[in-house]
Amino acid sequence: MSDSETWRKSSYTGGGQGNACVEIAARTAHIAIRDSKVPTGAILAFPTGSFTTFIDALKPAAPPTTTFARLDT
């Protein structure tokens, strides 16, 4: 991917100084991700249809729901 492509910074930057974030560039055939602190570094690219699956896998799982039996006294 070239520098002329449009990169957008993630809206979630994590804790600290806000410097733990990524940038993405959307294209017709793929979505690319790079470290915003190292824009000339490695790029991770996904086919467009796989990007949502990747993001969903990064989200924390919902806490398990515990069902308690009712005890009649």
Side-chain angles (χ1 to χ4, degrees):
M1 298 194 121
S2 70
D3 287 337
S4 64
E5 295 188 273
T6 303
W7 289 91
R8 295 182 305 151
K9 196 173 207 178
S10 169
S11 61
Y12 178 77
T13 59
Q17 301 296 317
N19 59 0
C21 57
V22 296
E23 296 174 323
I24 64 167
R27 293 292 169 252
T28 304
H30 64 275
I31 306 257
I33 304 170
R34 70 181 182 186
D35 185 339
S36 63
K37 295 181 301 299
V38 189
T40 58
I43 294 171
L44 181 61
F46 292 90
T48 304
S50 300
F51 185 70
T52 301
T53 303
F54 170 72
I55 295 299
D56 287 343
L58 296 176
K59 294 178 182 176
T65 304
T66 304
T67 304
F68 294 96
R70 181 178 173 164
L71 301 175
D72 293 322
T73 56

Is the shortest distance from a Lys or Arg side-chain nitrogen in Arg34 or Glu23 to a carboxylate oxygen in the other one below 4.0 Å?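 Here Arg34 pairs with Glu23 in a salt bridge, since their nearest N and O are under 4.0 Å apart.
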How would you list all residue pairs meeting salt bridge (Lys or Arg N to Asp or Glu O under 4.0 Å) that involve residues 42-51, not counting sequence neighbours? none
What's the separation between atom [atom1] in [X] and atom [atom2] in [Y], rounded to the nearest 0.5 Å?
{"X": "Ile24", "Y": "Ile55", "atom1": "CD1", "atom2": "CD1", "value": "7.5 Å"}
{"X": "Thr48", "Y": "Arg27", "atom1": "OG1", "atom2": "CZ", "value": "10.5 Å"}
{"X": "Thr40", "Y": "Asp35", "atom1": "OG1", "atom2": "CG", "value": "10.0 Å"}
{"X": "Asp56", "Y": "Phe51", "atom1": "CG", "atom2": "CZ", "value": "10.0 Å"}

Looking at every non-hydrogen atom in both residues, tell me the closest pair between Ile33 and Phe46 and how far apart they are. CD1-CE1, 3.7 Å
Verify side chain to side chain contact (heavy atoms under 4.5 Å, CB included) between Ile31 and Phe54, making sure each step is shown before the conclusion. CA-CA 11 Å; Ile31 306 257; Phe54 170 72; over 6 Å; no
